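Below: one structure, written as structure tokens.
Worth saying up front: this structure is predicted, and the values here are computed from it rather than measured.
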Amino acid sequence: MAALVEVGGHAVLDAELAGCRSGVDDPGGSSTPLRRARPTRPGRPRVPRRPAVAGFHRHRGRPVVEVPANRVLPVRKKLRDRSWLSSIHANTDPARHDPVDVRVLAHQRKDMVRTAAAGEYRLVTSLLDVRRHPARQLTALYRERRAIESVFADIKTHQRAAKGVLSSKTPDGVLQQIWAHLLVHHALREPMLRTAATRQFDPGRVSFTESLHSARRSVTVTPGSFSP
């Protein structure tokens with residue numbers, strides 16, 4: 001499953017499901033990208049979960065991806081925010097005749113120990129305008145991207161509970177169950193966002209597990225209070 005997740009509210013906006021060898025978990029390089037995804041407006045950043053710089057030219061949104069520091073990204077022009085302009089080539093361009101213009105930013109993961117080499121990673125983006133997209137905003141956005149891991153944990157660990165694998169025995173049944181879990185997750189996130197807006201605090205402070213338990217109690221005690 002490749003998912004498009006809202007950074008602020010952690011709601012799953014769209015998903016693409018396919019076989020484990022289809023490459024669908026790598027939306028930037030996949031032959032089956034998120035076809036149904038419409039929420040990302042042109043010019044807005046998208047932060048893929050995996051580094052897939054080869055797929056930049058196919059994105060409707062503007063991707064920001066992480067690559068190792070040893071990736072060769074020659075400096076064409078240095079910019080005032082210490083990023084630089086460079087170019088990359090897709091795997092489908094072995095002759096290297098069709099370069100894609102990108103901007104490169106030094107990026108230090110916060111979860112790395114202090115002894116790690118500075119600039120251990122790079123961020124590569126097609127957002128070239130320094131004034132509209134400062135480096136510090138893009139690096140902060142990428143750190144927020146890690147929230148998608150907690151979204152998957154919400155669905156696979158807490159919402160699905162200790163039931164092991166999906167119970168369906170057919171491919172269609174498995175797809176149906178996964179979509180059902182995604183719909184329930186989205187239905188839970190909506191009241192969480194309303195609660196955060198009413199109390200004027202960050203949606204990340206609202207506990208998903210507590211909201212899930214509350215919804216389960218409401219279905220049992222007052223049927224109909226939580227819409228399916």
Side-chain angles (χ1 to χ4, degrees), residues 1-20 22-30 32-41 44-52 55 59-66 107 109-111 121 123 137-166 168 174-197 199 201-216 218-219 226-228:
M1 179 177 74
L4 181 65
V5 177
E6 185 185 39
V7 171
H10 296 185
V12 178
L13 302 178
D14 190 42
E16 185 75 26
L17 310 178
C20 63
S22 68
V24 75
D25 62 332
D26 189 354
S30 170
T32 55
L34 291 171
R35 293 186 297 270
R36 292 182 300 275
R38 292 293 181 269
T40 302
R41 297 193 299 275
R44 296 295 299 275
R46 291 182 67 181
V47 192
R49 185 180 177 217
R50 298 184 178 221
H59 277 275
R60 285 190 302 274
R62 300 290 186 173
V64 181
V65 300
E66 184 183 76
H107 169 56
R109 284 186 179 178
K110 281 192 171 183
D111 56 353
Y121 291 84
L123 293 184
Q137 291 184 6
L138 292 178
T139 53
L141 172 67
Y142 192 83
R143 293 188 186 103
E144 290 291 331
R145 177 211 67 85
R146 295 180 181 275
I148 196 172
E149 307 296 343
S150 65
V151 171
F152 289 144
D154 289 343
I155 297 171
K156 294 193 293 185
T157 304
H158 303 297
Q159 184 175 304
R160 189 167 55 100
K163 296 180 181 179
V165 297
L166 297 171
S168 295
V174 169
L175 292 175
Q176 186 180 44
Q177 278 193 278
I178 295 174
W179 281 116
H181 274 295
L182 291 173
L183 289 170
V184 170
H185 182 269
H186 196 93
L188 286 167
R189 282 291 172 186
E190 286 195 3
M192 292 171 65
L193 289 172
R194 288 197 299 269
T195 299
R199 301 189 180 184
F201 55 60
D202 192 304
R205 293 177 56 191
V206 183
S207 169
F208 178 81
T209 53
E210 290 298 324
S211 301
L212 177 62
H213 295 328
S214 176
R216 284 174 173 164
S218 70
V219 170
F226 181 78
S227 173

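- Annotation: the span from Gln176 atom CD to Leu17 atom CG amounts to 12.5 Å, rounded to 0.5 Å.
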Derivation and outcome, side chain to side chain contact (heavy atoms under 4.5 Å, CB included), residues Gln159 and Asp154: CA-CA 6 Å; Gln159 184 175 304; Asp154 289 343; 5.9 Å; no
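- The ring pair (Phe, Tyr, Trp, His ring centres under 6.0 Å) search around His185 returns Phe208, not counting sequence neighbours.
- The CE atom of Met1 sits 7.0 Å away from the CD1 atom of Ile178 when rounded to the nearest 0.5 Å.
- When all heavy atoms are compared, the tightest approach of Gly9 to Leu193 is CA-CD2, 3.5 Å.
- Heavy-atom neighbours of Gln137 CD from other residues, nucleotides or ligands within 6.0 Å: above the threshold of 12.
- Interatomic distance, CE of Met192 versus OG of Ser214, reported as 11.0 Å (0.5 Å rounding).
- The two residues Val206 and Ala196 have their closest heavy-atom pair at CG2-CB, 4.1 Å.
- Without hydrogens or angle criteria, His10 side chain to Val151 main chain gives no donor-acceptor distance under 3.5 Å.
- Taken to the nearest 0.5 Å, the CG atom of Leu212 stands 11.5 Å off from the CD1 atom of Ile155.
- Shortest non-hydrogen contact noted between Ala15 and Leu182 is CB-CD1, 3.8 Å.
- Taking every heavy atom of both residues into account, Ser168 and Gln177 meet most closely at OG-OE1, 2.6 Å.
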